[in-house]
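Worksheet: one structure, shown below.
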Number of protein chains: 4
Amino acid sequence: MFSQSKTDFTKQMRLKTEEKKIALLKATLSLINDNGFHDAPMGKIAKLANVSPATIYLYFENKQDLTNQLYLSLKEDFGKSAFEGYSESMGVYEGFKLIWHNIAQYKLNQVAESVFLAQCDSTPIVTKCVRMAGLIHLQPLLTLWEKGRKNNTIKPISDYLLYAYSIYPLSFLMNMKQENQTEICNETLTKAWQTSWDAIKQ
Amino acid sequence: MFSQSKTDFTKQMRLKTEEKKIALLKATLSLINDNGFHDAPMGKIAKLANVSPATIYLYFENKQDLTNQLYLSLKEDFGKSAFEGYSESMGVYEGFKLIWHNIAQYKLNQVAESVFLAQCDSTPIVTKCVRMAGLIHLQPLLTLWEKGRKNNTIKPISDYLLYAYSIYPLSFLMNMKQENQTEICNETLTKAWQTSWDAIKQ
Amino acid sequence: MFSQSKTDFTKQMRLKTEEKKIALLKATLSLINDNGFHDAPMGKIAKLANVSPATIYLYFENKQDLTNQLYLSLKEDFGKSAFEGYSESMGVYEGFKLIWHNIAQYKLNQVAESVFLAQCDSTPIVTKCVRMAGLIHLQPLLTLWEKGRKNNTIKPISDYLLYAYSIYPLSFLMNMKQENQTEICNETLTKAWQTSWDAIKQ
Amino acid sequence: MFSQSKTDFTKQMRLKTEEKKIALLKATLSLINDNGFHDAPMGKIAKLANVSPATIYLYFENKQDLTNQLYLSLKEDFGKSAFEGYSESMGVYEGFKLIWHNIAQYKLNQVAESVFLAQCDSTPIVTKCVRMAGLIHLQPLLTLWEKGRKNNTIKPISDYLLYAYSIYPLSFLMNMKQENQTEICNETLTKAWQTSWDAIKQ
DNA sequence: CATGAATGAGCTTTCATTCAT
DNA sequence: TATGAATGAAAGCTCATTCAT
């Protein structure tokens with residue numbers, strides 16, 4: 001999470017300030033997740049990141065900007081994870097199975113990040129246009145689905161429906177895991193995948 | 001929404017105060033939906049409900065209590081809608097189809113309420129125990145699923161998974177409707193139902 | 001200063017709140033005069049007026065509004081003092097002598113108010129349009145000067161010049177009094193009046 | 001404005017640093033004039049002067065010192081302009097006419113500087129003792145007036161009164177020029193001079 | 001039951017100033 | 001000499017809640 005670009009390693013200075021920005025993003029994530037946006041004051045965020053409140057404003061314009069940047073950076077991260085190992089040359093079933101499992105891994109392992117993203121997608125704590133901007137990271141999946149519809153491996157229904165029935169349910173599982181403090185066992189995961197595929201396959 | 005019990009009609013005074021409480025709940029719903037919990041101050045809620053800020057505290061202990069009560073009253077309402085016309089004597093397919101469509105109608109017609117409930121279920125704005133308490137209104141559905149699993153009409157998977165793949169996707173559709181300001185046409189609804197059933201049927 | 005309208009005396013409540021507003025204006029005047037606008041924080045103003053900081057915002061929109069209202073109320077007050085006992089039927093010399101002495105009395109007795117007005121007129125601490133609005137209270141003087149120019153008792157020069165040479169010098173005297181903590185004796189006042197008249201008479 | 005002493009030309013380095021100090025004074029003047037002292041933060045001043053905030057503290061002790069030095073340097077400048085071409089051997093009328101016109105030129109041409117000085121003289125943004133120190137640059141004028149009082153060309157009134165009625169009115173004209181964005185025409189200037197002299201001549 | 005006025009605590013943000021380099 | 005980064009303290013302002021009526 002919050003990966004630094006390689007060029008930063010050249011200059012020691014740049015590294016330190018980048019680290020500070022990352023610490024701030026992490027602190028924000030943690031506080032908003034635990035207490036909600038309304039109880040994650042800048043002062044607490046600063047303290048958790050071990051900087052002065054004023055320092056936040058060297059890296060972010062204001063609280064909204066901080067939240068937006070956090071959202072976008074997580075979405076990007078999520079996108080990267082989702083398509084790890086994926087290539088457009090894969091078959092529809094094979095490719096989707098890979099992507100689905102990637103996403104499942106992300107949602108079940110990087111719980112904090114996933115919970116935050118879910119929160120953002122159902123509340124007005126990030127600007128609407130920022131939420132829009134976050135969508136581009138899913139493009140390869142939409143392309144794959146189009147292929148699937150064309151070769152009749154996937155139902156001829158809209159992307160929204162496909163997403164709602166094959167990916168979105170994972171968010172519910174993640175919520176349950178979080179809420180009940182239970183683990184999602186391998187069997188459950190297998191059943192979930194089976195159900196996802198049953199739902200959207202032709 | 002926010003139905004008053006019939007007994008209230010006996011006393012004129014009680015009616016008026018009940019109306020005030022309802023106005024407050026409605027105002028809260030609207031403000032939290034539009035601005036988020038963090039920008040729905042008691043003052044604005046009071047103004048929107050045409051009462052004084054102090055009056056809120058005659059009906060609710062504090063802001064948390066107000067939010068909790070709103071959540072619970074909506075959950076109850078949602079439960080009632082979900083099982084309208086349903087009887088335990090129905091067959092599994094027939095019964096579930098009825099319940100599913102009831103829920104779909106609720107989510108697509110009472111958007112404000114649904115959006116609020118979704119927001120509550122993915123943020124810490126209602127107390128955890130209150131969220132738990134809201135679950136009881138779904139009991140009949142769980143009973144029906146148990147029957148379905150026993151007579152092999154429904155997959156032998158946990159309630160969580162069944163919910164995640166047959167009901168939860170409706171939330172995604174509702175979000176899309178809300179976000180894109182589009183209507184969900186009948187064809188989409190039919191496809192959604194078909195997909196739900198494909199996902200969980202044995 | 002800060003006179004309350006008579007109607008307020010009827011309702012005890014209204015009286016108290018009006019008193020609070022006046023206390024705030026007085027506190028603001030005193031702090032800005034002593035420390036300058038930049039060192040007259042809302043917290044200090046509140047404390048001096050014996051109210052909570054939040055209370056200020058019941059009476060004024062923000063700090064700028066507070067300052068503007070103070071300016072306007074003082075300007076109005078100043079105008080009233082300037083024309084006390086004056087009637088349009090008076091001759092030019094007689095009338096102007098009265099007004100001049102009224103203004104002199106105001107500037108030399110109500111020093112705090114005068115100092116504040118002078119400060120406002122030479123800094124951007126009140127909005128430009130508010131400064132404009134404050135001008136109307138001098139209208140009768142301009143009318144009198146017009147009469148004087150017509151009947152050749154006063155030089156045919158612009159209102160600006162007349163003001164600059166007959167009224168504005170009083171501000172300098174007031175500043176000197178303030179700065180040196182000295183009194184302006186009667187003899188000085190007589191000489192000042194004589195000089196004013198010499199400057200503008202035809 | 002802000003003239004550098006000739007000795008600085010010997011060392012190239014000294015020149016550059018002197019330039020930086022001047023740039024800072026200019027930036028301060030401009031910001032305080034436009035926004036008022038309360039909205040002229042060190043950060044903005046630094047940016048406008050193209051230096052780092054920290055650099056300011058190499059040249060000035062703190063913000064108060066910066067303001068004070070600006071005031072004094074302008075006062076000195078003003079004094080120099082006022083007595084350009086003047087010699088103690090001149091007659092009272094002739095000498096005063098020269099000085100008056102010098103001052104008028106300064107106030108009407110170097111508006112920014114004059115506005116700043118006026119602002120300082122009616123607010124506590126420069127220390128009181130600094131304001132006192134600024135007075136010495138007017139000494140020759142006071143000597144001239146003393147001569148005038150002795151040979152009966154000028155009224156036997158205090159320096160304060162003489163200043164109030166012959167020099168101070170120019171400040172008002174300058175304010176008007178600034179406020180109304182109008183020019184002061186030659187005719188107005190002639191009339192102003194005539195009025196000044198009428199006011200104080202014996 | 002209902003309220004407008006009041007508030008202390010706390011919020012986001014800014015600022016004059018310092019420090020490490 | 002010069003700086004960009006950093007900050008503690010404080011600014012203006014808001015909010016959930018209470019109180020006198």
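Order of the sequence lines sets the chain letters (A, B, ...), proteins ahead of strands, with each chain counted from 1.
A side-chain donor-acceptor contact under 3.5 Å links S52(C) to the backbone of A54(C). Judged by distance alone, with hydrogens and angles left aside, the side-chain atoms of Q119(D) form no donor-acceptor pair with the main-chain N or O of Q119(C) at under 3.5 Å.
Atom P of nucleotide dT14(F) and atom CZ of F60(C) are separated by 15 Å, given to the nearest angstrom. Between the NZ atom of K47(C) and the P atom of dT7(E) there is a distance of 14 Å, given to the nearest Å. The distance from atom CD1 of I45(A) to atom C1' of dT12(E) is 11 Å, rounded to the nearest whole Å. Between N50(A) atom CG and dA6(F) atom C1' the separation is 14 Å, expressed in whole Å. Residue N35(D) contributes atom CG, which lies 15 Å from atom C1' of dT14(E) at whole-angstrom precision. Remark: C1' of dA16(E) and CG of D65(D) are 14 Å apart, rounded to the nearest angstrom. In this structure, the CG atom of L66(A) is 15 Å from the C1' atom of dC11(E), given to the nearest Å. The separation between K21(D) atom NZ and dA2(F) atom C1' is 17 Å, rounded to whole Å.
Between T123(C) and I125(D) there is no side-chain heavy-atom pair separated by less than 4.5 Å. Looking only at side-chain heavy atoms (C-beta outward), Y71(B) and D121(B) come within less than 4.5 Å of each other.
Remark: Y59(C) is in phosphate contact with dA6(E), judged by side-chain N or O atoms under 4.0 Å from OP1 or OP2. Of the side-chain N and O atoms in T55(A), none sit less than 4.0 angstrom from OP1 or OP2 of dA6(F).
A side-chain contact (heavy atoms from CB on, under 4.5 Å) with F60(C) is found for one member of D65(C), L70(C), N68(C) and no other, namely D65(C).
In this structure, CZ on F37(B) lies 4.0 Å from OG1 on T67(B), to the nearest 0.5 angstrom. N33(C) contributes atom CG, which lies 8.5 Å from atom CD of E113(C) (distance to the nearest 0.5 angstrom).
Secondary-structure annotation of DNA chain F gives the stems E:2-21 with F:2-21, with a stem taken as at least 3 successive Watson-Crick or G-U pairs whose two distances both fall under 3.5 Å.
Side chains of S122(C) and S122(D): a donor on one and an acceptor on the other come within 3.5 Å.
In terms of the side chain to side chain donor-acceptor pair (under 3.5 Å) criterion, K63(D) has no residue partners (sequence neighbours excluded).
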Inset, instruction - Spell out protein contact along nucleotides 15-21 of chain F as letters: B when the base is contacted, S when just the sugar-phosphate is, - when no protein heavy atom is under 4.0 Å; keep the 5' to 3' order. - result: BSBBB--
